[in-house]
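I have placed the structure first, in the form of structure tokens, so that the comments after it can refer back to it.
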Amino acid sequence: MSKLANILRESIAADGPLPVETFMAVALGHPEFGYYMTRDPFGASGDFVTAPEVSQMFGELIGLWAAEAWAALGSPERVSLVELGPGRGPLMADALRAARVAPAFFAALDVHLVETSPVLIEAQRRTLARAGVSVTWHSALEDVPEGPAIVIANEFFDAMPVRHYVKTPRGWCLRLVGLTETGALGFGVSSEPEPHLVAQAPDGSVLEISPTSHQIMNVLAQRIAKDGCAALVIDYGHVETGLGETLQALKNHRSVDPLAEPGEADLTAHVDFAALTRAAVAAGAEVQGPAAQGEFLMRLGIEQRATTLKRKATLEQAKSIDQAFERLVTAETFVGPGGAKSFGMGTLFKVLAVVPRGTPPLPGFVREVPNV
Ligand code: SAH
């Protein structure tokens, strides 16, 4: 049993069950034993692989996107290039290298990274040591200096805690993590239903919401509306709010029981892009998309980039560029390294831009044709 499981069991025995939301926040962010606080979970030997870890093309195209977004915001003299939850920092490193083709943008930018994990801050420091720009770390978006900014968040919102309500004959009850008869962690529900939730649904239905995500989007969108910033949110998730839970735990690239080893497995939930859009619009900003990641990257020219990279590649490298391209863009299963089959990220992952009202479509997004 993990150290954190023992801490949680003691806390539940003393003070009662915890909402799923608190469990997830503690499992990921406990200062001593939280999943992200203690390790570097990325790559083939880690628990999962993210798009910038798959290929340099991803970060490069986002760097070029950021340069275009900066121009669309009126090319402000100084701009913060902000990343939320940069992991080991590959996206920013690739974005900065690509952004050098836009010297005016490169000269205008300061990098601000929002990260809570000391282990990953060190990894980011190493990755960006020779990037040639000033880098400042912050523990929350609120601490990033005011003013024009381009904000990138790849697989950040899926790590934000979710709250679950379960439909029972009494009404919608908060889902809790308590102790089973044998003393293990187990799911239960609150005895009193939530009085404000009245939606009709069959008993056993689960409603999943991420108040932390909405709160962060609220802060982000207020800045976007006030300071002329733009944000790009990339994550897996759904475009319409619906019933059902998506909380999942991953360890060594395999799905595991979310309660089995808190602090030792990654916990994520799908991002509700409709809810993020509502939060952004309510705070005075506007959105473009969500677009499917595959379409977005194709519109940004990933195919041409792959062709260019392959020109200077060995046969082996060319093969891995082709595989990375497939993985980032396709919606289907594809054959990855070692012949293993994997799912493509092309449609499961979505891209949402949050921009000031009236901003013309940014690269990767098309203007919605009104239905007349
Ligand atoms: N964007 C990276 C990593 C995604 S994993 C990539 O695509 O490879 C999630 C990242 O968010 C990690 O860096 C994690 O430490 C960070 N993170 C998790 N919760 C956070 C929080 N509340 N505030 C800031 N960063 C957080």
Side-chain angles (χ1 to χ4, degrees), residues 21-63 66 81-96 111-128 135-144 151-162 210-217 219-220 231-237 248-251 253 263 265-271 293 297 324 327-328 345 348-351:
E21 189 180 4
T22 312
F23 171 81
M24 185 171 173
V26 172
L28 293 180
H30 183 279
E32 210 177 337
F33 302 116
Y35 177 75
Y36 280 116
M37 297 302 163
T38 54
R39 75 200 65 224
D40 171 348
F42 301 95
S45 59
D47 293 322
F48 57 91
V49 179
T50 59
E53 299 273 348
V54 168
S55 167
Q56 68 184 79
M57 295 186 284
F58 189 79
E60 288 171 349
L61 292 171
I62 287 176
L81 184 57
V82 184
E83 189 176 354
L84 308 181
R88 295 201 278 207
L91 191 160
M92 186 57 81
D94 295 334
L96 289 171
V111 170
H112 292 269
L113 303 180
V114 178
E115 177 59 70
T116 43
S117 160
V119 181
L120 292 176
I121 288 174
E122 271 323 300
Q124 292 154 19
R125 205 186 293 282
R126 285 194 297 274
T127 307
L128 296 173
V135 182
T136 314
W137 279 266
H138 309 273
S139 54
L141 176 62
E142 285 88 335
D143 303 333
V144 175
V151 183
I152 312 293
N154 185 60
E155 290 209 41
F156 171 77
F157 281 98
D158 67 61
M160 295 302 113
V162 288
S210 178
T212 306
S213 298
H214 305 165
Q215 196 263 334
I216 294 172
M217 181 50 87
V219 172
L220 190 56
L232 196 65
V233 175
I234 309 139
D235 226 309
Y236 50 105
Q248 60 171 352
L250 267 190
K251 193 177 171 187
H253 302 267
D266 185 32
L267 283 181
T268 64
H270 284 209
V271 170
Q293 174 174 300
L297 293 175
R327 184 157 181 187
L328 294 176
M345 303 168 89
L348 175 60
F349 280 72
K350 320 279 188 299
V351 188

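Counting convention: from 1, in listed order, for ligands and their atoms alike. All values below come from the heavy atoms of this structure, side chains included, with hydrogens, waters and symmetry mates left out.
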Check: Going from CG on L84 to CD1 on I152, what distance comes out if it is rounded to the nearest 0.5 angstrom?
Finding: 9.0 Å
Next item on the list: For ligand 1, indicate whether the residue L120 contacts it via side chain, backbone, both or neither (heavy-atom separation under 4.0 Å).
Entry: side chain
Next item on the list: Pull out every atom of ligand 1 sitting under 4.0 Å from any heavy atom of P52, numbered as shown with elements.
Entry: 6 (C), 7 (O), 8 (O)
Next item on the list: Answer with side chain, backbone, both or neither: which part of P90 has a heavy atom less than 4.0 angstrom from an atom of ligand 1?
Entry: neither
Item checked: For atom 18 (C) of ligand 1, the protein heavy atom that lies nearest, with its residue and separation -> Y36 CD1, 4.1 Å
Item checked: Donor-acceptor contact below 3.5 Å, side chain Q124 vs main chain G87 -> yes
Check: If hydrogens are left out, which of G85, A123, G59 has an atom nearest to atom 2 (C) of ligand 1, that is, the closest non-hydrogen atom?
Finding: G85
Notebook entry, point to check: Do the side chain of T127 and the main chain of R88 share a donor and acceptor less than 3.5 angstrom apart?
Noted result: yes
Next item on the list: Identify the protein heavy atom lying closest to atom 19 (N) of ligand 1, giving its residue, its atom name and the separation to 0.1 Å.
Entry: M160 CE, 3.6 Å
Notebook entry, point to check: Which atom pair, heavy atoms only, marks the closest approach of M57 to A324?
Noted result: CE-CB, 4.5 Å
Next item on the list: Give the single entry among R39, E53, E115, R88 that approaches atom 12 (C) of ligand 1 most closely by any heavy atom.
Entry: E115
Margin query: Tell me the protein heavy atom at minimum distance from atom 21 (C) of ligand 1, and give that distance in Å.
Written below: T116 OG1, 3.7 Å
Check: Could you state the interatomic distance from CD (Q293) to CD1 (I234), rounded to the nearest 0.5 Å?
Finding: 7.0 Å
Next item on the list: State if M37 counts as touching ligand 1 under the rule of any non-hydrogen atom under 4.0 Å.
Entry: no
Next item on the list: Among all protein heavy atoms, pick the one closest to atom 8 (O) of ligand 1 and tell me residue, atom and distance.
Entry: T50 OG1, 2.6 Å
Next item on the list: Find all atoms of ligand 1 within a distance of less than 4.0 Å from any non-hydrogen atom belonging to S117, and give their numbers and elements.
Entry: 15 (O)
Margin query: Under 4.0 Å, heavy-atom basis, I'd like to know which part of N154 is in contact with ligand 1: side chain, backbone, both or neither.
Written below: both
Item checked: Shortest non-hydrogen separation from E115 to P86 and the atoms involved -> OE1-CD, 3.3 Å
Check: Does H253 use its side chain to pair, donor to acceptor, with the backbone of G46 at less than 3.5 Å?
Finding: yes
Checklist line | Atoms of ligand 1 close to E155 [distance to a heavy atom under 4.0 angstrom, numbered from 1] | finding: 4 (C), 5 (S), 9 (C)
Item checked: Interfacing atoms of ligand 1 (cut-off 4.0 Å, heavy-atom, F42) -> 3 (C), 5 (S), 8 (O)
Note to self: Nearest 0.5 Å, please: how far is CZ in F157 from OG1 in T268?
What the structure shows: 15.0 Å
Check: So how far is it from W137 CH2 to L120 CG, rounded to the nearest 0.5 Å?
Finding: 12.0 Å
Next item on the list: For G87, counting its heavy atoms only, list the atoms of ligand 1 lying under 4.0 Å from any of them.
Entry: 2 (C), 3 (C), 13 (O)
Note to self: Taking the side chain as everything from C-beta on, heavy atoms only, tell me whether L96 gets closer than 4.5 Å to L128.
What the structure shows: yes
